[in-house]
Amino acid sequence: MTTVVAIDGVVEPGETARISVLDRGFLYGDSVYEVVRTYRGRPFLLAEHLARLERSASLLGIPLPLAREAQGEEIERVLAAAQNAESYLRVIITRGNGPIGLDPALASSPTRVVIVTELKSLPAELYERGAAICLIPAGRSTASTIPQGAKSGNYLVNIMALGAARRRGAHEAVMLDAAGLITEGASSNVFVVQGGALHTPPLHAGILEGITRRKVIELARGAGIEVHERALAPADLTGADEVFLTSTLREILPVTVIDGAEVAGGRPGPVALKLRERYRALTLA
Ligand code: PDD
């Protein structure tokens, strides 16, 4: 497996790449990031990911060191150096180094990291059987914690939720807000199919606007499937015709078990399958 990293533009092997312990990304998770994957060696929806990176950075007041085009070129250089058949690609911008202290003004200049490593696909069997999820009360970000919609490096709530779900043998944690409503997965968005229509929590539920979520909504509408962004309760999931997760790495992953009980007849459903086919077609276009 080849891992290649660029730190502030300097390309080096993953094994030797180092960041200062005084970097605020390390000290506080004071950073933003994106995860992109390649299809046929090309980064998929890179412009959308870089646009979200810009939004996240702006919400946190981290100045981006490179313009979008230059950041894209740097990513291409790291991809070319890694030479993987397919790559997982992570771009991280931290607020930078400085004397220890919370004050963001202590940071000198942002640190820019690109990590490229070989893509590990999820097992085909997971898509055939469907995934198990657990619903975890997590009270995820509100406007007063992490600015809504920012993909920040601070993932502790999601990490704790995923840990709880994995201890129960589930693939993913789906987090509930303080009112018990569905928000999103630890690293995914959630959809249900009910009466032939798609339903997914709205952005103001405090979720990340997934790039895959947006594509799936477009694809569904293009296929004449209605999409409703509305509050979902646990009963909307357990009583749904189909449940599925979306994310860059999962694409569209059917869910067949929630909190240990079978849902959606225990089998991946036709709407998720059809959308996955259409999504796959986009990746090959
Ligand atoms: N995470 N919600 C959260 C909290 C996420 O971390 C992610 C993705 C998503 C789905 O977004 P997208 O469709 O743009 O991948 C939703 C990435 C993949 C990660 O952290 O690994």
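It should be emphasised that the depicted structure is a prediction, and the values quoted were computed from it without experimental measurement.
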Query raised in the report: Looking at Glu229, Glu218, Glu48, which one forms a salt bridge (Lys or Arg N to Asp or Glu O under 4.0 Å) with Arg213?
Result: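 Answer to the salt bridge (Lys or Arg N to Asp or Glu O under 4.0 Å) test with Arg213 among Glu229, Glu218, Glu48: Glu229.
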Query raised in the report: How far apart are the C-alpha atoms of Glu251 and Arg276, what are their side-chain angles, what is the distance that settles it, and do they pass the salt bridge (Lys or Arg N to Asp or Glu O under 4.0 Å) test?
Result: CA-CA 7 Å; Glu251 303 172 335; Arg276 183 153 186 254; 3.3 Å; yes
Query raised in the report: Yes or no on side-chain hydrogen bond (donor to acceptor under 3.5 Å, both in side chains) for Arg250 and Ser247, after CA distance, side-chain angles and deciding distance?
Result: CA-CA 5 Å; Arg250 297 178 183 84; Ser247 74; 3.1 Å; yes
Report task. Decide salt bridge (Lys or Arg N to Asp or Glu O under 4.0 Å) for Glu76 and Arg42; before the verdict, give the C-alpha distance in whole Å, the side-chain angles of both, and the deciding distance to 0.1 Å. Result -> CA-CA 9 Å; Glu76 295 290 353; Arg42 307 295 313 137; 2.9 Å; yes
Query raised in the report: Quick one: CD1 on Ile217 to CG on Asn189, what's the gap to the nearest 0.5 Å?
Result: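 It is 8.5 Å, given to the nearest 0.5 Å.
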Requested in this report: With rounding to the nearest 0.5 Å, note down the distance linking OG1 in Thr238 to CG in Leu135.
Outcome: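 It is 8.0 Å, given to the nearest 0.5 Å.
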Query raised in the report: Is the gap between the ring centers of Phe244 and Tyr127 under 6.0 Å?
Result: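 They do not qualify: ring centres at least 6.0 Å apart.
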Requested in this report: With salt bridge (Lys or Arg N to Asp or Glu O under 4.0 Å) as the test, would you mind laying out the steps for Arg18 and Glu12 before giving the verdict?
Outcome: CA-CA 10 Å; Arg18 296 285 181 271; Glu12 53 185 315; over 6 Å; no
**Report entry** Cationic N near anionic O, under 4.0 Å, Arg221 to Glu226
**Finding:**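 Salt bridge absent between Arg221 and Glu226.
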Query raised in the report: Is the shortest side-chain N to carboxylate O distance from Glu209 to Arg52 below 4.0 Å?
Result: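 No, no charged N to carboxylate O under 4.0 Å.
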Requested in this report: Please indicate whether Leu284 has more than 12 foreign heavy atoms, meaning atoms of other residues, nucleotides or ligands, lying under 6.0 Å from its CG.
Outcome: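 Yes, CG of Leu284 has more than 12 neighbouring heavy atoms, counting only those of other groups under 6.0 Å.
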Report task. Go through the steps for Thr246 and Thr212 under the test side-chain hydrogen bond (donor to acceptor under 3.5 Å, both in side chains), then give the verdict. Result -> CA-CA 6 Å; Thr246 64; Thr212 322; 5.3 Å; no
Query raised in the report: Can Arg37 be said to sit on top of Tyr39's aromatic six-ring, NZ or CZ under 6.0 Å from centre and within 45° of the ring axis?
Result: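 Checked: cation-pi criterion met.
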Query raised in the report: Between the main-chain N or O of Leu219 and the side-chain N or O of Tyr279, is there a donor-acceptor pair closer than 3.5 Å?
Result: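 Pair absent, no side-chain N/O of Tyr279 close to backbone of Leu219.
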Query raised in the report: In terms of side-chain heavy atoms, does Thr183 have a donor or acceptor partner in Asp177 at a distance below 3.5 Å?
Result: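 Thr183 vs Asp177: no donor-acceptor pair found between side chains.
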Query raised in the report: Going by atom types only, do Ser108 and Asn97 share a side-chain donor-acceptor pair under 3.5 Å?
Result: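 Result is no, nothing qualifies.
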Query raised in the report: Per the side chain to side chain contact (heavy atoms under 4.5 Å, CB included) rule, which among Asp236, Ile182, Val193, Val192 passes with His199?
Result: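 In the set Asp236, Ile182, Val193, Val192, the residue that makes a side chain to side chain contact (heavy atoms under 4.5 Å, CB included) with His199 is Val192.
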